[in-house]
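Here is the naming used below: chain letters follow the sequence lines, and residue numbers restart at 1 for every chain.
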Amino acid sequence: MRQTPAILHLDMDAFYAAVEQVAKPSLRGKPVIVGGVGGRGVVATASYEARKFGVRSAMSTAEARRRCPNAAFLIPRFAAYREVSDLVMGLLGQLSPLVEPLSLDEAFVDLAAGPYADGLDTARATALAVRLRADILAATGLTASVGLAPSKLVAKIASEAAKPDGLVVVPPDQVRATLDPLPVRALWGVGPATAEAMRKVGITTIADIAATDADELVRLFGQAHGRALHEHALGIDDRPVVAERDAKSVSVEDTFEVDLVDRTRITAELDRLAARCVERLRAAGRSGRTVVVKMRRYDFSTLTRSETLRGPTDDLAVVRETVHRLAAQVDFTGGIRLLGVGVASLADFAQQDLFGDDHEDAAGDAVGVADATETTDATEISTGPAGSAAGAAPRAVDAIEPDATSGAAPDAALAPGVDPAPESAAGDPADPEAGAYGRVPVFHPGRFGSTRWLPGQDVTHTEHGPGWVQGSGVGRVTVRFETPGSAPGRIRTYLVDDPDLTPSAALPLVRRTELDPKPEPEPQLALEPEPEPEPAPKPPAEPELGADPPPAPDSP
DNA sequence: TCTGGGGTCCTAGGACCC
DNA sequence: TCTGGGGTCCTAGGACCC
Ligand SMILES: [Mg+2]
């Protein structure tokens, strides 16, 4: 184990919801729930105000509405989150070139690999983290929680303990004392199933794991998991921070508002998914050998069928034919709620030529490379990026399918002040697959049906300018006209097909320092009890857990 | 209207090879 | 005759993470 807390873990607080609160001034201080708004949607992120009502990530949106009916329910706007994420990751990059993003809002940083490595100790690392949090707040208006520790394992646990809006530092000699009392679920890789299995044998805390024989853990939880559990419980974790990771698979899936039963319809949806998957594969400059079809049945049982080709492909025609072959093996009786298409065993684009059509002999001689399976005809092997004309199709599809212009049923972001949109609207429940609504997947609205507006969506009105959809139903759409830098805006209601109203791109979350003519009153000073944000030598920092201030208001 | 979407890693059995 | 040992690839499923 390292002798300094040089691993930093950053975790933005209630990230999606917090971005929405900064972007939509009228929502600051109010419960905000971001996720799927359809009948089968789930919560991605709930603001702290919504969490007070028991709303949690992964909860069904229907349950969230029951618990917090007055919250704003918004669809995710990933373009906006990615923009903020890039900015935050850029700030991390100033601390070290070794930044490992785990998601849009989380990353590890190895401070010992960067410009502050020299003389790094607990006090200097702490000062860097203090400054980082202040910089993030100043640049985005968002709070972040940070953990500093000698390992990834403990840094992640520390940032969790720091939430919200805090900093926790765990020096090396505090690691065991920090871990011991925590429930097993706090360990990375221990989920509901493992925790329950542990409970049955009387293991409930990390100290319990540490006190269990390693062989016993291997017997109970498998080779890899058992070994890791034992080491991690003892605070041993040498995993390095890794900056660039190549994706190993690309996949796309949709859950449908209504179960699909018709094989022709299912095939058509698989074709659309294959096109989206290949589009993303090509955009990443990758190709893959294994094609995977995923299905979730009416009863939530999940099955996958996969086929490995003789060489990597990024050809839509090849992927589509493979998908058809795989789907033909499956019984759809009872209905299908989810379909997915993926490509795995990814290769870099350049490697593809190794399997090109003029290398039959070489491929045959190469040990176990080309003859692993017998399942694919030579004619189905991709010949490269120039491949078949079908490869152009997905781009065309996306071009005529703008994001978020249609969706399910009457939706309202906000209950308060908005008519609850009587249950009139939407498709014909008696024949769900025939109409537009049956075609509408939860997160990827189809391009069929009349104009739909989704809550949270960015729009622009020719006269009143930029705003966002607060709700829609019974032929009307309600828009709130405000922007990240404005005061809370007022609402106006339009007919859903009003030609003056158009979907628009997300506005940038302008930095407060650039936005406000008068400088902000340095909010970070009020929030931070810690020393100067300079990486200068300091007296030994408090090696205690919970060096963070009390929770701040969620939104400025 | 219970239960999203995008990933990673591990296990286990059979095929196949040496 | 008490069954031998790997190693790798492929497939299916499952746990887990955000
Ligand atoms: Mg977070």
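The side chain of A/A193 has C/dA15 as its nearest neighbour among B/dT1, C/dA15, B/dG4. Among B/dC2, B/dG7, B/dG5, the nucleotide with an atom closest to any side-chain atom of A/S60 is B/dC2. Closest to the side chain of A/V258, from the set B/dT1, C/dA12, B/dT3, is B/dT1. Counting only heavy atoms from C-beta on, A/R40 has its side chain closest to B/dT3 among C/dC18, B/dT3, C/dG13. If you check C/dC10, B/dT3, C/dC17 against the side chain of A/R185, the one that comes closest is C/dC17. Nearest nucleotide to the side chain of A/T308, out of C/dT11, B/dG5, B/dT1: C/dT11. The side chain of A/V250 has B/dG7 as its nearest neighbour among B/dG7, B/dG4, C/dA12.
Among the protein residues, A/T194 comes within range of the sugar-phosphate backbone only, with heavy atoms under 4.0 Å from sugar or phosphate atoms but none that close to a base. Across all strands shown, A/A247 has heavy atoms under 4.0 Å from sugar-phosphate atoms exclusively, and none from any base. Counting any heavy atom pair closer than 4.0 Å across all strands shown, A/K156 reaches sugar-phosphate atoms only and no base atom. Nucleic acid contact class of A/E63 (heavy atoms, under 4.0 Å, all strands): none. Using a 4.0 Å heavy-atom distance criterion, A/L303 is classed as a sugar-phosphate-only contact. Nucleic acid contact for A/L273: none, since no nucleic acid atom lies under 4.0 Å from a heavy atom of the residue. The residue A/R305 sits close only to the backbone: its heavy atoms come under 4.0 Å of sugar-phosphate atoms, none of a base.
Here C/dC18 presents its P atom at 8 Å from CG of A/D11, a figure rounded to the nearest Å. For the pair A/R65 CZ and B/dT3 P, the computed distance is 13 Å after rounding to whole Å. In this structure, A/K294 places its NZ atom 9 Å from P of B/dG6, rounding to the nearest Å. When the P atom of C/dC18 is taken as reference, atom CZ of A/R56 falls 15 Å away, rounded to whole Å. Rounded to whole Å, the distance from CH2 on A/W188 to C1' on C/dC16 is 8 Å. B/dG4 atom C1' lies 11 Å from atom OH of A/Y16, rounded to whole Å. Atom C1' of nucleotide C/dC17 and atom CG of A/L102 are separated by 9 Å, given to the nearest angstrom. Atom CE in A/M59 sits roughly 19 Å away from atom C1' in B/dG5 (whole-Å rounding).
Atom C1' of B/dG4 sits at a distance of 15 Å from the matching atom of C/dC16, rounded to the whole Å.
Taking A/D213 as the reference, nothing meets the side-chain hydrogen bond (donor to acceptor under 3.5 Å, both in side chains) condition, with sequence neighbours excluded. Remark: A/R185 pairs with no residue by the side-chain hydrogen bond (donor to acceptor under 3.5 Å, both in side chains) rule, at least two apart or across chains.
Along DNA chain B, the nucleotide nearest A/V43 and the nucleotide nearest A/K248 are compared for position; the residue whose nucleotide lies closer to the 5' end is A/V43. Across the interface with DNA chain B, nearest-nucleotide mapping of A/A62 and A/R296 shows A/A62 to be the residue nearer the 5′ end.
Of the N and O atoms on the side chains of A/S145 and A/D13, at least one donor lies less than 3.5 Å from an acceptor on the other residue. A donor-acceptor contact closer than 3.5 angstrom is absent between the side chains of A/T255 and A/R337. Residues A/D299 and A/S301 have side chains that bring a donor and an acceptor to within less than 3.5 angstrom of each other.
For the residue pair A/A505 and A/D458, the shortest heavy atom distance occurs at O-CB, 4.0 Å.
DNA chain B is contacted by A/G222, A/Q223, A/A224 of residues 214-236 of chain A, taking any non-hydrogen atom closer than 4.0 Å.
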Only Watson-Crick and G-U wobble pairs with both distances less than 3.5 Å should count. Give DNA chain C in dot-bracket notation, marking inter-strand partners with |. ....||||||||||||||
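Once rounded to the nearest 0.5 Å, the distance linking NZ of A/K294 with CG of A/L273 reads 11.5 Å. Separation of atoms CG (A/L270) and CZ (A/R320) is listed at 11.5 Å; rounding is to 0.5 Å. Here the straight-line distance linking atom CE of A/M12 with atom CD of A/E106 works out to 11.0 Å at 0.5 Å rounding.
Listed pair A/T255 / B/dT3 fails the phosphate criterion, with no side-chain N or O lying under 4.0 Å from OP1 or OP2. For A/S249, a side-chain nitrogen or oxygen approaches OP1 or OP2 of B/dT8 to under 4.0 Å. Look at A/T304 and you'll find a side-chain N or O under 4.0 angstrom from OP1 or OP2 of C/dG13.
Between A/Y16 and A/F78, the ring planes are perpendicular. Angles over 60° get that label, and only those under 30° would be called parallel.
Regarding the sugar-base torsion, B/dC2 falls in the syn class, its angle being within 90° of 0.
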Run the side-chain donor-acceptor check on residues 82-89 of chain A: report pairs under 3.5 Å with partners two or more places apart or on a different chain.
from: A/S85; atom 1: OG; to: A/L104; atom 2: O; distance (Å): 2.6

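The stretch residues 192-204 of chain A participates, sequence neighbours left out, in these salt bridge (Lys or Arg N to Asp or Glu O under 4.0 Å) pairs: A/E196-A/R199.
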